[in-house]
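Positions are given from 1, in the same order as the sequence printed here.
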Amino acid sequence: MEQVNFDSDRLCMAIPKDHPFSKRSDLTLADLAGEPFILWPMPEGRSFHLQVIRLCAQAGFVPMITQEAHGMHAVLSLVSVGGGVSDVPQSMSGFRGDQISYHPLSGAEIEFGLVIGYRHLSPSAHAFVLSAEEKQQGLSPSL
């Protein structure tokens, strides 16, 4: 199997708008110790799941996972109705922005690569992979 990195993202904290922490500009991950966490199941996203656990451990606590949801939209929907907090990809920070407050995390360990794995490619998928490889090399895409 072949793979190519095609983009990157960062994790951020997702807090319900009506939560007392939602207005804080100095919020850190350590502040979320003791809060109910909503995550995706490990089999669905092992890397994301473990990254959140590691970040929490580095912040000095083990997250109290009270609910798991399949898919990032489901996780954020539960956050939006006050079910708990979560660490989510920053690229999702536009989802339900009227109900969720998104707060940045700091440190290099919050970044992650987006990778596509493949065995055989259709012509359009091949063009996408070439474009992704060119982007990673800092070249302008040929698409």
Side-chain angles (χ1 to χ4, degrees), residues 1-138 141 143:
M1 179 180 286
E2 308 249 1
Q3 69 180 36
V4 62
N5 291 333
F6 68 91
D7 207 350
S8 63
D9 205 342
R10 301 169 63 85
L11 288 173
C12 68
M13 296 174 281
I15 315 287
K17 281 271 185 166
D18 62 354
H19 191 286
F21 290 162
S22 71
K23 304 276 190 275
R24 286 188 42 192
S25 60
D26 62 341
L27 189 66
T28 67
L29 188 55
D31 294 326
L32 301 183
E35 293 293 321
F37 265 75
I38 302 166
L39 290 181
W40 43 93
M42 190 181 306
E44 185 176 306
R46 179 179 225 67
S47 176
F48 286 119
H49 189 95
L50 292 174
Q51 189 171 12
V52 170
I53 302 298
R54 268 192 308 273
L55 287 170
C56 291
Q58 290 170 358
F61 71 99
V62 174
M64 181 177 56
I65 302 169
T66 57
Q67 205 161 8
E68 291 184 332
H70 295 276
M72 195 53 60
H73 289 97
V75 168
L76 289 170
S77 292
L78 289 167
V79 170
S80 75
V81 297
V85 301
S86 192
D87 289 342
V88 300
Q90 191 170 330
S91 61
M92 296 295 296
S93 64
F95 184 75
R96 298 196 183 205
D98 59 329
Q99 300 168 319
I100 300 172
S101 178
Y102 295 92
H103 299 264
L105 287 166
S106 59
E109 62 278 355
I110 64 163
E111 294 184 27
F112 59 93
L114 301 174
V115 178
I116 184 170
Y118 59 90
R119 290 202 173 117
H120 305 288
L121 298 173
S122 68
S124 59
H126 181 68
F128 174 80
V129 167
L130 287 176
S131 174
E133 288 172 337
E134 290 172 351
K135 180 180 178 192
Q136 286 298 316
Q137 295 170 4
L143 292 178

In this structure, CG of Asp18 is separated from NZ of Lys23 (nearest 0.5 Å) by 8.5 Å
Less than 4.5 Å apart, side chain to side chain, heavy atoms only: is that true for Pro41 and His70? yes
Less than 4.5 Å apart, side chain to side chain, heavy atoms only: is that true for His49 and Ile65? yes
What are the two closest non-hydrogen atoms of Leu29 and Phe61, and how far apart are they? O-CE2, 3.3 Å
Test of understanding: with salt bridge (charged side-chain N to carboxylate O under 4.0 Å, His left out), list the residues that count as partners of Arg54, not counting sequence neighbours. none
So how far is it from Ser22 OG to His103 NE2, rounded to the nearest 0.5 Å? 6.0 Å
Show me the donor-acceptor pairs, under 3.5 Å and distance only, between side chains in residues 120-128 and residues at least two apart or in other chains.
from: Ser122; atom 1: OG; to: Ser124; atom 2: OG; distance (Å): 3.3
from: Ser122; atom 1: OG; to: Ala125; atom 2: N; distance (Å): 3.2

Selection residues 34-51 - residue pairs positive for salt bridge (Lys or Arg N to Asp or Glu O under 4.0 Å), sequence neighbours left out: none
Let's go through Leu105 and Met13 carefully: what are the C-alpha distance in whole Å and the side-chain angles of both, what is the deciding distance for side chain to side chain contact (heavy atoms under 4.5 Å, CB included) to 0.1 Å, and is it a yes or a no? CA-CA 7 Å; Leu105 287 166; Met13 296 174 281; 3.7 Å; yes
Applied to residues 79-102, the ring pair (Phe, Tyr, Trp, His ring centres under 6.0 Å) test, sequence neighbours excluded, yields His73-Phe95
Phe21 and Ile15 have their tightest heavy-atom pair at CB-CG2, 4.4 Å
To the closest 0.5 Å, what do you measure between CE (Met72) and CZ (Phe48)? 6.5 Å
Any heavy-atom pair between the side chains of Met42 and Leu50 that's under 4.5 Å? yes
Under the side-chain contact (heavy atoms from CB on, under 4.5 Å) rule, collect the residues that match up with Thr28, sequence neighbours excluded. Ala30, Asp31
Enter the distance from Leu39:CG to Ile53:CD1 here, rounded to the nearest 0.5 Å. 6.0 Å
Solution key, residues 78-89 side-chain donor-acceptor pairs under 3.5 Å, sequence neighbours excluded:
from: Ser80; atom 1: OG; to: Ser77; atom 2: O; distance (Å): 2.7
from: Ser80; atom 1: OG; to: Arg96; atom 2: NH1; distance (Å): 3.4
from: Ser86; atom 1: OG; to: Ile38; atom 2: O; distance (Å): 2.6

How long is the straight-line distance from CG of Leu76 back to CE of Met92, given to the nearest 0.5 Å? 5.0 Å
